[in-house]
Structures are given as C-alpha cells and as structure tokens.
Amino acid sequence: MMTTDTRTHRVVTRAAVVAAVAAAGLVLVAALVSGESAALGAAVGGVIAVGVFAFGSLAVEAVSRLMPAASLLFAMVTYTFQVAVMALLFVALNTSGLLDDEIDSTWVGVAIILGAFVWMAVQILLATTARIPAFETPPSTPSEGGAR
C-alpha cells in the first residue's frame, strides 16, 4: 500500500476547508467595507478558487495513482488548465453583465488571489510537516526454523 493513498484526500480536504473559511471571512469583510455587491463578489471568487483548485488536486492525485510516470506532465497541464478555467470564468462573468453591476469585480479578484495563497500555504505546510518515509521496507517474512 502506498503512503499517498489515504493522505492526499485529507490534504485536499484540509486545504479546501481552510480556503473556504478564509473566503467566508473575506465575504464578511467585504460586506462590512463595501456592501452587498462586494460580498457577492468575494463569495463568487471564493467558490471559483476552491472549486478549481480542488478539482485540479484531485485530478492530479488520480492520475499519479494510475500512471505515476505521467504525473508531472499531467500536473503541468492541469496547472495550465486551471489558469485557463479561471480566466474563462472571469470572462463569462464579464460578458454576462454581472460584473460591476451586481458583483464587484475587485472583490472577485481579491477572493481568487486569497484562495490561491491560502491553498498553497496549507498544502506547503502539510507537505513539509508530513511524515513520509523515504523508502518502503519489504514485508517481513517468517524466519526459517521457527525460532523468533
């Protein structure tokens, strides 16, 4: 059994929860500082950030479990895809007429940036404090002769 089988989902879950809490705090700050459209913008940005990063992390984890040799290539492609998805979502919001009318675009951007930094900080913290063995020991075999 690989050590990453059960650990990756916990890392993604923790990063998602902490980023969602940070986004909720930003929604509160935006509501107090700038009103309803700012709070809605912060909420939309937080959902975008958490959704895109969680999907990317789970996709990379699935590919690295199935094809470990392709995991670095897929991680780079996933990063590019995440940037493109965020840009497309921002363009879709802009062309829909919702930005700056009902949703404050500045707070959308702030929430996405905050979500990205919080997500990275949590993943770096969990990766640097994880106890991952450098090698796996072979399974113990019973010694011959019956002693010990």
Side-chain angles (χ1 to χ4, degrees), residues 1-140:
M1 178 175 150
M2 293 179 52
T3 57
T4 57
D5 284 342
T6 59
R7 196 177 73 77
T8 303
H9 292 300
R10 287 190 311 228
V11 170
V12 172
T13 302
R14 287 180 183 172
V17 167
V18 173
V21 168
L26 187 66
V27 168
L28 182 64
V29 169
L32 294 174
V33 171
S34 297
E36 185 180 339
S37 68
L40 187 58
V44 168
V47 167
I48 289 172
V50 171
V52 168
F53 288 127
F55 173 76
S57 293
L58 291 174
V60 169
E61 186 264 333
V63 168
S64 66
R65 194 172 347 128
L66 296 173
M67 296 181 299
S71 60
L72 179 61
L73 174 65
F74 190 76
M76 297 302 288
V77 169
T78 301
Y79 172 74
T80 304
F81 179 70
Q82 286 174 323
V83 171
V85 165
M86 283 193 189
L88 287 174
L89 288 171
F90 207 86
V91 167
L93 282 172
N94 197 22
T95 56
S96 72
L98 292 174
L99 282 184
D100 293 327
D101 289 339
E102 297 176 25
I103 300 173
D104 191 343
S105 63
T106 302
W107 287 97
V108 173
V110 169
I112 290 174
I113 291 168
L114 176 72
F117 280 124
V118 168
W119 190 278
M120 287 187 299
V122 170
Q123 286 210 327
I124 289 170
L125 177 71
L126 292 174
T128 56
T129 59
R131 295 179 47 97
I132 301 172
F135 59 91
E136 291 187 30
T137 58
S140 61

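All figures in this text were calculated on a predicted structure; none of them were measured in a lab.
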query: Under the side-chain contact (heavy atoms from CB on, under 4.5 Å) criterion, do Ile112 and Val108 qualify, and how do the steps go?
result: CA-CA 6 Å; Ile112 290 174; Val108 173; 4.0 Å; yes

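- Environment of CE in Met76: sparse, with no more than 12 heavy atoms of neighbouring residues, nucleotides or ligands closer than 6.0 Å.
- Panel note: side chain Ser57, backbone Ala54; no donor-acceptor pair is recorded below 3.5 Å.
- Counting only heavy atoms from C-beta outward, the side chains of Val12 and Phe55 never approach each other to under 4.5 Å.
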Could you go step by step and tell me if Leu126 and Val18 meet the side-chain contact (heavy atoms from CB on, under 4.5 Å) rule? CA-CA 12 Å; Leu126 292 174; Val18 173; over 6 Å; no

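- Within the 4.5 Å cutoff, the side chain of Trp107 has no heavy atoms near those of the Ser37 side chain.
- Here the closest non-hydrogen pair linking Ala30 and Ala42 is CB-CB, 4.1 Å.
- Of the inter-residue distances, the one linking Met120 atom CE with Leu125 atom CG reads 13.5 Å to the nearest 0.5 angstrom.
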Criterion side-chain contact (heavy atoms from CB on, under 4.5 Å) on Val60 and Tyr79, from CA distance to verdict: CA-CA 10 Å; Val60 169; Tyr79 172 74; over 6 Å; no

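- Here CD of Glu102 is found 9.0 Å from CD of Glu36. Values are rounded to the nearest 0.5 Å.
- Nearest heavy atoms, Ala22 versus Val118: CB-CG2, 3.9 Å.
- Atoms OG1 and CG, on Thr95 and Leu88 in that order, are 10.0 Å from each other to the nearest 0.5 Å.
- Residues Gln82 and Phe53 approach most closely at NE2-CA, 3.6 Å, considering heavy atoms.
- Closest of all the heavy-atom pairs between Ala19 and Trp119 is CB-CE3, 4.2 Å.
- Distance OG/Ser34 to CG/Leu40: 13.0 Å, rounded to 0.5 Å.
- Contact record, Gly115 with Ala49: CA-CB, 4.1 Å, taken as the closest heavy-atom pair.
- In this structure the side chain of Ile48 reaches within 4.5 angstrom of the side chain of Leu93, judged on heavy atoms.
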- List the steps and the verdict of side-chain contact (heavy atoms from CB on, under 4.5 Å) for Ser64 and Phe74. CA-CA 8 Å; Ser64 66; Phe74 190 76; over 6 Å; no

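- Between the CG atom in Leu73 and the CE atom in Met67 there is a gap of 9.0 Å [rounded to 0.5 Å].
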